[in-house]
Protein chains: 2
Amino acid sequence: MTGGGDGGVGSGITGVDPQELWLRPAGPRRGRKPAFSREAITAAAVALADAEGLDAVTMRRVASQVGAGAMSLYSYAPDKETLLELMVDHVSGEPPLTTPLTGDWRTDLKAIACLQRALMLRHPWLPAALATRRTSGPNTLAFLERALAALRPTGLDGAAKLEVFAQLTGFVAGHVAHEIAQAAAARSPDRVAAEARYLAAVAADGHHPELAEALSAPGRPLDPKATFTRFLNRLIDGLDTG
Amino acid sequence: MTGGGDGGVGSGITGVDPQELWLRPAGPRRGRKPAFSREAITAAAVALADAEGLDAVTMRRVASQVGAGAMSLYSYAPDKETLLELMVDHVSGEPPLTTPLTGDWRTDLKAIACLQRALMLRHPWLPAALATRRTSGPNTLAFLERALAALRPTGLDGAAKLEVFAQLTGFVAGHVAHEIAQAAAARSPDRVAAEARYLAAVAADGHHPELAEALSAPGRPLDPKATFTRFLNRLIDGLDTG
DNA sequence: TATCATTCTCGTACACAGTACGAGAATAGG
DNA sequence: CCTATTCTCGTACTGTGTACGAGAATGATA
């Protein structure tokens, strides 16, 4: 096979198993040396998404950000989907998982949820990225491991613990997505005013009495953090060991 | 203005307010008659998404499905984003909202959640579509109106009721997305086996004892419907009027 | 009826996406 | 040195959303 690059910095591009991506700590040491690194590429993609949103993450832009040609990225990830998975796992490594667990699973679970929320607020594209994708990189798995450890005192069986964690993550993602949307809306008052005007018009037709009343209520600020913890407490306190 | 079509079957394309879309029951009655209808186009897009997923919904494919040229769609919706909103609102009109409320807000809320779940199972693209979008079409608002009515006995104020509904919808979307992903995974056993093999390998390294144990547990089927109602009950019963 | 503004239809075209292909450069083992 | 291997990246193809604008159909007006 002369010319033609289907290799991939030991990325396991050709693997039958998609998970093979996460294995292979270092590929063989022959041939030309890699000019970049999966780490750097992923970091650049994350920075781009942080700054301009997920849609800004295109192969060409990531490549130019890192000083590479667009096609060079394919030596480090088989396709864009994989790059997104790398991004998710990358940021999942940010939160420090060093604090010891308290042993009270509700407390520990809440702490984990707060870590997740902070992470998603720092990377607003995360909820959207998680909605579609299922990632099993090392950092993601470390997070999962931590959650399972926190749930140990519940005595739930494996599948149930996994369910609870998935549910919790989904909840946090949903809430933060909502938070972000509201924050973004607050930065464009025109939209808000237009929406309010429209809803008022709908409510005025008499067919939506409840909506009319809900909108006429005094609009207090409604602190997102407080709302989050309130719902979180309700959700977690509502869980039982049965 | 001769030639050039920035009109739109009374769709309010030029509107400053995005919501203007939902107003305008019928546009002016001058000029050439529309050959299609927003309804038909939306229905075609929904059918396409149902059959082949959200990614299959491209302007060209929707157009050809309905027998139109691609660009004709822009007379009925200003852009693809709007078409997606139309799709969401379209399917939101499916569930019958005629059953009277019981007066017990927990029961009523659970019924609403079940309606939502059924809807999302019938249209598997809905969770993903809802994750990004905020829609305020008539059917969506009817749904919201119903939820607010159900929440009336709680005595919560408007903003709080809206929060609860958003949270509930997010929960259902998250759960159904998970359900769908699992069902899809079950249809491709290769992936599952590969993932299982990979996770087993990770668990075997000794750094993930909890994961190892969770995976070694006996794998029972875990009925999705039952899991859904279980979590739903916990979430709703956990809510209080305070 | 003839005119005309209006409204819709849709072929063409453009910018940009992901990425297949493959030639050339760099490296390590023989 | 040679040669197999690995990475780099220009070119090019397909497919996307959609701007543009010419042409067809329609209702109002004279």
Side-chain angles (χ1 to χ4, degrees), chain A residues 1-14 24 26-41 45 48-49 52-87, chain B residues 1-14 24 26-38 40-41 45 48-49 52-87 132:
Chain A
M1 184 187 297
T2 345
D6 62 346
V9 191
S11 325
I13 309 281
T14 55
R24 316 239 187 161
R29 280 280 150 262
R30 282 259 296 280
R32 186 175 180 169
K33 267 191 221 160
F36 316 101
S37 74
R38 191 188 293 175
E39 177 78 9
I41 290 170
L48 207 51
E52 303 184 39
L54 254 192
D55 288 346
V57 178
T58 71
M59 300 305 266
R60 287 174 234 255
R61 287 205 63 186
V62 171
S64 86
Q65 211 72 33
V66 88
M71 291 312 291
S72 296
L73 298 195
Y74 289 91
S75 294
Y76 300 87
D79 50 32
K80 189 187 179 181
E81 169 59 29
T82 304
L83 178 56
L84 290 171
E85 286 183 31
L86 288 171
M87 289 171 64
Chain B
M1 185 184 299
T2 345
D6 62 346
V9 192
S11 326
I13 309 279
T14 56
R24 316 241 188 159
R29 281 278 154 263
R30 283 257 296 280
R32 185 174 180 170
K33 266 192 219 158
F36 317 100
S37 74
R38 191 187 292 173
I41 290 170
L48 207 51
E52 303 184 38
L54 212 48
D55 287 347
V57 178
T58 71
M59 300 304 266
R60 287 173 234 256
R61 287 205 63 185
V62 172
S64 85
Q65 212 72 32
V66 89
M71 292 311 292
S72 296
L73 298 196
Y74 289 90
S75 295
Y76 300 86
D79 50 30
K80 190 186 177 180
E81 170 59 29
T82 304
L83 179 57
L84 289 171
E85 287 183 30
L86 288 170
M87 289 170 64
T132 317

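Scope of the values below: all heavy atoms of this structure, side chains included, with no hydrogens, waters or symmetry mates. Remember, it's a predicted structure, so these values are computed and weren't measured experimentally. Letters go in sequence order (proteins before strands), and every chain restarts at 1.
Contact annotation: side chain of B:Arg60 to base of D:dG17, donor-acceptor pair present below 3.5 Å.
In terms of phosphate contacts, A:Lys33 brings no side-chain nitrogen or oxygen within less than 4.0 Å of OP1 or OP2 of D:dC7. The phosphate of D:dC7 has neither OP1 nor OP2 within less than 4.0 Å of any side-chain N or O from A:Ser72. Distances shown here put a side-chain N or O of B:Tyr76 below 4.0 Å from the OP1 or OP2 atom of C:dT9.
Nearest-nucleotide positions on DNA chain C for B:Arg32 and B:Gly69 put B:Arg32 closer to the 5' end. Position along DNA chain C of the nearest nucleotide to A:Thr58 versus A:Met71 favours A:Thr58 as the more 5'-ward residue. Of the two residues contacting DNA chain D, namely B:Ala70 and A:Pro34, the nearest-nucleotide position lying further toward the 5' end is that of A:Pro34.
Among C:dA5, C:dG18, D:dT8, the nucleotide with an atom closest to any side-chain atom of B:Arg30 is C:dA5.
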**side chain to side chain contact (heavy atoms under 4.5 Å, CB included) assessment of A:Met87 paired with A:Val62** = CA-CA 12 Å; A:Met87 289 171 64; A:Val62 171; over 6 Å; no
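Rounded to a whole Å, the CG atom of A:Leu73 is 13 Å from the P atom of C:dA17. Taking atom CZ of A:Phe36 as the reference point, atom C1' of C:dA26 lies 13 Å away to the nearest angstrom. Atoms NZ (A:Lys80) and C1' (C:dT19) sit 12 Å apart, rounded to a whole Å. A:Tyr74 has its OH atom 18 Å from the P atom of D:dA12, to the nearest Å. For the pair B:Met59 CE and C:dG11 C1', the interatomic distance rounds to 16 Å; values are reported in whole Å. As rounded to whole Å, 13 Å separates atom P of C:dT9 from atom CZ of B:Arg38. Atom CG in A:Asp55 sits about 13 Å away from atom C1' in D:dG17, given to the nearest Å. In this structure, CD of A:Glu52 is placed 12 Å from P of C:dA17, rounded to the nearest angstrom.
Atom-to-atom distance recorded for B:Lys80:NZ and B:Thr82:OG1 is 12.0 Å, nearest 0.5 angstrom. Distance check: B:Asp55 CG to B:Arg61 CZ gives 11.0 Å after rounding to the nearest 0.5 Å.
Between B:Ser75 and B:Phe36, the closest side-chain pair of non-hydrogen atoms is not below 4.5 Å.
Using a 4.0 Å heavy-atom cutoff across all strands shown, B:Gly31 reaches at least one base atom of the nucleic acid. Nucleic acid contact for A:Ala63: none, since no nucleic acid atom lies under 4.0 Å from a heavy atom of the residue. Within the 4.0 angstrom heavy-atom criterion, only backbone atoms of the sugar-phosphate kind lie near B:Ala68; the bases stay farther away.
Here the closest non-hydrogen pair linking A:Ala56 and A:Leu48 is O-CD2, 3.4 Å.
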